[in-house]
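One structure is given here, and the rest of the page talks about it.
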Amino acid sequence: MTAQPKSIRELSCADDYDPNSMPVDKAREFIRAFLQPVGGTERVAIRAALGRVLAEDVISPFNVPAHDNSAMDGYAVRFDDLEADGGTTLKVAGTAFAGKQFSGRAGAGECVRIMTGAVVPEGTDTIVMQEHVTVEGDRVRIGAGHRRGQNLRRAGEDLAAGQAAVLKGKVVRPAELGLIASLGIGEVTVHRRVRVAFFSTGDELVSIGTVAAEGQIYDSNRYTLHGMLTRLGCEVIDMGVVRDDPALLEQAFKDASAMADVVISSGGVSVGEADFIKDLLNKLGEVLFWKIAMKPGRPLAYGKIAGAHFFGLPGNPVSVMVTFYQFVTDALRILQGETGVAPIPTFKALCASKLKKAPGRTEFQRAVLYRSDDGRLAVRVTGDQGSGILRSMSDANCFIILPTDQGNVEPGAEVEVQLMDGLV
Ligand code: AMP
Ligand code: MG
């Protein structure tokens with residue numbers, strides 16, 4: 001993008017802007033230009049920080065390791081005692097254990113038996129591995145070929161006191177939990193959770209617990225959305241099903257934008273029944289685009305309503321998951337304060353299936369990545385790719401991404417693949 005747009009209105013004046021057929025990459029770029037982390041932080045106990053984004057650097061209060069210590073089981077020696085080109089015999093003055101240091105001082109001609117992690121005794125400066133010595137009673141015989149300071153971990157080698165151990169903007173994962181705990185820190189400051197209000201639209205939808213009459217279907221989108229949002233660490237506000245009624249929809253959009261940072265609706269943004277949604281959203285806020293040149297997920301709206309970000313997802317259950325993964329996931333991560341959010345990586349694999357594809361749209365086919373008999377990475381599609389068939393998501397572990405200009409794909413061709421991280 002050339003310059004940061006100030007408003008959707010300003011952006012919509014750009015030459016290449018077509019709100020009814022936005023290319024996937026362009027849509028991603030446009031959305032990104034409007035994202036700023038939501039404000040607000042909270043202090044939480046470290047276990048509760050799992051999955052949250054750090055709002056402050058975690059500073060090491062001390063050197064890590066705190067003392068010079070041994071990287072091996074062996075003998076702590078004074079390097080100057082060792083004969084450069086012959087063997088040396090040293091007296092063992094005692095033992096240093098991890099957590100129980102040798103209290104004395106090693107004098108000339110003395111060494112100390114030392115365990116991995118034990119503090120290096122005063123007077124010594126080098127560790128000789130136990131495999132490289134011969135024990136003779138209370139003495140050890142050490143051969144030539146050692147280096148001053150070998151097999152030592154220096155105080156502050158991993159982290160100096162005052163240095164940032166984990167930078168703000170990082171998601172706390174199990175590795176960070178351990179790292180923070182290793183510093184003796186019990187609480188951290190994290191960004192507050194992003195509040196996401198969502199609802200399904202459609203006269204045909206019924207909720208679980210009701211018997212579905214002829215022509216009615218169970219609302220599944222609120223469940224996949226609940227799952228995807230919860231995995232991302234959002235605070236979810238499930239507003240239920242809203243009928244295809246302009247007054248009810250208007251109220252739902254108003255209520256949602258008043259209480260949440262992000263509003264997500266599913267269904268009803270395609271042409272036809274959607275015309276009133278379009279009018280409504282143009283009245284309540286600004287919409288950047290309505291349709292994306294992709295399959296599944298062509299109807300996808302993004303805009304702002306009263307300060308909240310708005311994603312109008314398609315109604316079809318597979319389209320909901322695909323558009324969420326391709327656009328909403330990264331947006332939420334940025335809103336949550338995460339830094340360095342990079343596009344979901346892709347890689348190449350051999351396609352074992354024949355794929356039908358018409359040029360003109362980016363396609364995301366559901367597939368299984370596996371190791372073929374000749375040891376290569378291969379993918380095959382998960383059966384019928386209809387955008388209402390959630391089974392094709394449930395059976396999949398990746399997407400095959402077919403670029404806009406691509407036509408049909410023959411078995412044996414290379415295709416671009418993207419793992420479904422956290423989706424399935
Ligand atoms: P729409 O975009 O509203 O025209 O919906 C497209 C298709 O998705 C229709 O077949 C709907 O019945 C279906 N659909 C819409 N919303 C949901 C939902 N929440 N759960 C399951 N299917 C849905
Ligand atoms: Mg509908």
Side-chain angles (χ1 to χ4, degrees), residues 19-22 27 196-231 234 236-253 255-256 260 262-282 287 289-303 305 310-328 361 363-366 384-396 423-424:
N20 290 313
S21 184
M22 186 70 78
V196 184
F198 60 98
F199 54 87
S200 298
T201 68
D203 287 338
E204 75 283 24
L205 302 178
V206 289
S207 297
I208 296 175
T210 329
V211 178
E214 179 116 358
Q216 292 188 316
I217 56 168
Y218 287 107
D219 174 6
S220 60
N221 291 343
R222 271 164 50 230
Y223 290 84
T224 47
L225 282 171
H226 171 89
M228 295 186 292
L229 289 165
T230 305
R231 281 239 174 132
C234 297
V236 297
I237 307 170
D238 184 341
M239 297 177 64
V241 176
V242 180
R243 300 284 151 227
D244 290 318
D245 171 314
L248 294 176
L249 282 163
E250 175 162 359
Q251 198 54 49
F253 280 120
D255 291 347
V262 178
V263 176
I264 298 179
S265 65
S266 76
V269 286
S270 53
V271 210
E273 69 181 279
D275 281 355
F276 55 79
I277 291 208
K278 208 164 183 169
D279 293 342
L280 192 58
L281 287 168
N282 281 328
V287 172
F289 56 78
W290 295 98
K291 286 184 193 154
I292 303 235
M294 72 185 272
K295 185 182 174 188
R298 197 158 112 86
L300 171 71
Y302 168 75
I305 307 173
F310 162 65
F311 291 91
L313 305 187
N316 272 312
V318 175
S319 310
V320 165
M321 297 195 76
V322 175
T323 50
F324 186 98
Y325 194 54
Q326 299 303 327
F327 299 99
V328 188
R361 296 198 255 168
E363 258 188 58
F364 297 86
Q365 301 213 356
R366 280 74 71 202
D384 199 334
Q385 297 289 302
S387 55
I389 305 171
L390 267 183
R391 219 8 234 285
S392 70
M393 285 296 297
S394 177
D395 288 345
L423 265 197
V424 292

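Whatever order the structure lists ligands and atoms in, that order sets their numbers, starting from 1.
By the criterion of a heavy-atom distance under 4.0 Å, neither the backbone nor the side chain of V241 is placed next to ligand 1. Neither the backbone nor the side chain of R222 comes within 4.0 Å of ligand 1, counting heavy atoms alone. The side chain of P317, and not its backbone, has at least one atom closer than 4.0 Å to an atom of ligand 1 (non-hydrogen atoms only; side chain from C-beta on). Heavy atoms of S220 found under 4.0 angstrom from ligand 1 belong to the backbone as well as the side chain.
Within ligand 1, the atoms closer than 4.0 Å to a non-hydrogen atom of S200 are 19 (N), numbered from 1 in the order shown. Listed by atom number, the atoms of ligand 1 under 4.0 Å from Y218 heavy atoms are 20 (N), 21 (C). Listed by atom number, the atoms of ligand 1 under 4.0 Å from I217 heavy atoms are 12 (O), 21 (C), 22 (N), 23 (C).
Between F289 and Y302, the two ring planes are tilted [angle within 30° to 60°].
Annotation: side chain of T201 is in contact with side chain of F199 (closest heavy-atom distance under 4.5 Å). For the pair F310/S265, a side-chain contact is recorded, criterion being any heavy-atom separation below 4.5 Å from C-beta on.
There is a side-chain donor-acceptor pair under 3.5 Å between S200 and D219.
The distance between the ring centers of F364 and Y325 does not fall below 6.0 angstrom.
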